[in-house]
Amino acid sequence: MALLPILRYPDPRLHKIAKPVTSFDDRLRKLVADMAETMYEAPGVGLAATQVDAHERVIVIDVSDTRDQLRVLVNPEIVWASEDRQVYDEGCLSVPGIYDGVERPARVRVKAFDADGKPQEFDADGLLAVCVQHEMDHLMGKVFVEYLSPLKRNRIKTKLVKEERELKKDRVAVAAR
C-alpha cells in the first residue's frame, strides 16, 4: 500500500468527471487499498478517487468511531433521497481547515459494487448519508465549497492559494540549504 497525494482546491483536476469502473481487477483493489490508507492517515472519513487524481467512480468511507468499518463504493448511485433535508458542517481533505454548513437530503439509498464487483445496496442517514453525497459530488467534479456563496468560496480559494504559495516557498528554501 502507498499514501497518495491529495489534490487541494482549487486544483482544476478536482473538477474532472470520473469515469465508470469497467474492470474489477488487482489494479482496482490496489487503488482502493491505497485510497483507504490515505484516508485513514489524513485523517478523514471519506475519499473519492478524483481527490487523488484517479478519475474513476471509486469511493472509500469509514464513519465509525473505531475506524474499522471501511466501505468501498464502486460506481455508486443514489437511487432514492428523502425529501427532508439537513444542514451538516462539512469539511474536506481537498479543502483543509475549512468547514461550513451544506444542506443535503437527510437520508439516501445507495447502490454500488465493492472492489470485487459484488453488488450492494444500503440506506444511509446522519454522517454516512452526508459523506456518501459529499464523495459522490467529487466524482461529478464538484467540491463542497461550491454550495457556499460566491463571496465565501472566493475567500476560501484566496486563502488556500496563499497557503499553497507559502508551502512552495518553504520547500524551495529547505531544498536550497
Side-chain angles (χ1 to χ4, degrees), residues 1-63 70-78 88-102 104 108 110 112-115 129-172 174-175:
M1 293 192 300
L3 291 177
L4 303 170
I6 298 172
L7 300 178
R8 286 176 53 120
Y9 181 80
D11 191 308
R13 293 172 290 178
L14 288 168
H15 299 293
K16 280 186 168 180
I17 296 175
K19 303 248 184 286
V21 170
T22 56
S23 187
F24 295 83
D25 55 12
D26 287 341
R27 186 201 59 79
L28 175 64
R29 284 185 282 284
K30 180 176 178 356
L31 174 63
V32 166
D34 291 347
M35 286 175 60
E37 182 179 4
T38 302
M39 175 191 70
Y40 286 127
E41 181 69 25
V45 295
L47 187 67
T50 301
Q51 293 176 271
V52 294
D53 203 21
H55 301 282
E56 298 178 77
R57 295 188 55 77
V58 179
I59 294 170
V60 294
I61 294 174
D62 188 342
V63 297
L70 182 67
R71 287 181 183 262
V72 176
L73 307 179
V74 179
N75 297 337
E77 298 175 60
I78 293 176
Y88 207 95
D89 257 2
E90 295 186 25
C92 181
L93 296 175
S94 292
V95 192
I98 306 294
Y99 299 87
D100 212 320
V102 175
R104 299 182 184 274
V108 293
V110 182
F113 296 93
D114 69 12
V130 171
C131 192
V132 166
Q133 293 171 83
H134 176 110
E135 300 308 333
M136 286 184 67
D137 277 352
H138 278 300
L139 300 181
M140 296 307 297
K142 188 169 186 175
V143 180
F144 91 95
V145 296
E146 293 170 45
Y147 287 99
L148 308 178
S149 71
L151 178 63
K152 277 187 179 179
R153 194 169 47 247
N154 285 332
R155 283 184 178 158
I156 290 166
K157 185 186 238 178
T158 300
K159 177 182 184 219
L160 293 176
V161 166
K162 183 180 175 188
E163 284 177 8
E164 189 66 26
R165 204 171 32 243
E166 293 298 318
L167 281 171
K168 283 181 182 172
K169 222 174 13 179
D170 290 347
R171 282 189 216 118
V172 168
V174 167

Discussion item. Treating D89 as the side-chain partner and G101 as the backbone partner, does any N or O pair qualify as donor plus acceptor under 3.5 Å?
Written reply: yes
Worksheet item: Got K142 and M136 here, is their nearest side-chain heavy-atom distance under 4.5 Å?
Response: no
Item to complete: Check whether any side-chain N or O of S94 sits under 3.5 Å from a backbone N or O of L7 as a donor-acceptor pair, and report yes or no.
Response: yes
Fill in: R104 and D137, any side-chain heavy atoms less than 4.5 Å apart
yes
Worksheet item: Distance-only, no hydrogens or angles: does the R153 side chain make a donor-acceptor pair with backbone N or O of L148 under 3.5 Å?
Response: yes
Practice prompt. Under the side chain to side chain contact (heavy atoms under 4.5 Å, CB included) rule, what do H134 and V102 come out as? Steps first, then yes or no, please.
Written response: CA-CA 10 Å; H134 176 110; V102 175; over 6 Å; no
Worksheet item: Hey, what do you get for CD1 (I59) to CG (L139), rounding to the nearest 0.5 Å?
Response: 4.5 Å
Worksheet item: With side chains defined as the heavy atoms from C-beta onward, is the minimum distance between E37 and L3 less than 4.5 Å?
Response: yes
Worksheet item: Would you call E163 and K159 a salt bridge, using N to O less than 4.0 angstrom?
Response: yes
Worksheet item: Which atom pair, heavy atoms only, marks the closest approach of A2 to D34?
Response: N-OD1, 2.8 Å
Worksheet entry | pair Q133-E90: side-chain heavy atoms closer than 4.5 Å | no
Discussion item. Rounded to the nearest 0.5 Å, what separates atom OG1 in T22 from atom CZ in R57?
Written reply: 13.5 Å
Worksheet entry | Intermediate values then yes/no, side chain to side chain contact (heavy atoms under 4.5 Å, CB included), Q51 and L14 | CA-CA 6 Å; Q51 293 176 271; L14 288 168; 4.3 Å; yes
Practice prompt. Considering non-hydrogen atoms only, spot the tightest contact between V32 and V58 and give its length.
Written response: CG2-CG1, 3.9 Å
Worksheet item: How long is the gap from OH on Y88 to CZ on F144, to the nearest 0.5 Å?
Response: 13.0 Å
Discussion item. Please check: side-chain N/O of E146 versus main-chain N/O of V143, any donor-acceptor pairing under 3.5 Å?
Written reply: yes
Discussion item. So M39 and L70, do their side chains get closer than 4.5 Å, heavy atoms only?
Written reply: yes
Item to complete: Would you mind checking if D26 and R29 are paired as a salt bridge, meaning a charged N to carboxylate O distance below 4.0 Å?
Response: yes
Discussion item. Distance check, rounded to the nearest 0.5 Å: F113 atom CZ versus E77 atom CD?
Written reply: 8.0 Å
Fill in: Least distance between heavy atoms, V74 atom then D114 atom
CG2-O, 3.8 Å
Fill in: N75 side chain to P20 backbone, donor-acceptor under 3.5 Å
no
Practice prompt. Return the set of residues passing side chain to side chain donor-acceptor pair (under 3.5 Å) with T50 (not counting sequence neighbours), or none when no residue passes.
Written response: none
Worksheet, complete the sentence: When every non-hydrogen atom of L93 is compared with those of G46, the smallest separation belongs to CD1-O, 3.9 Å
Fill in: Any side-chain heavy-atom pair of V132 and P76 under 4.5 Å
no
Discussion item. Rounded to the nearest 0.5 Å, what separates atom CZ in R155 from atom CG in L151?
Written reply: 4.0 Å
Item to complete: Kindly confirm or rule out a cation-pi arrangement of K152 over Y147, judged by NZ or CZ under 6.0 Å from the six-membered ring centre and within 45° of its axis?
Response: no
Fill in: Pair E56 + R27: basic N to acidic O under 4.0 Å
yes
Discussion item. Tell me whether the count of non-hydrogen atoms from other residues, nucleotides or ligands lying under 6.0 Å of CD in E41 goes above 12.
Written reply: no
Discussion item. Can you give me the closest heavy-atom contact between P96 and R8, atom names plus distance?
Written reply: CG-NH1, 3.3 Å
Practice prompt. Might you point out which heavy atoms bring H138 and C92 nearest each other, and give the distance in Å?
Written response: NE2-SG, 3.4 Å
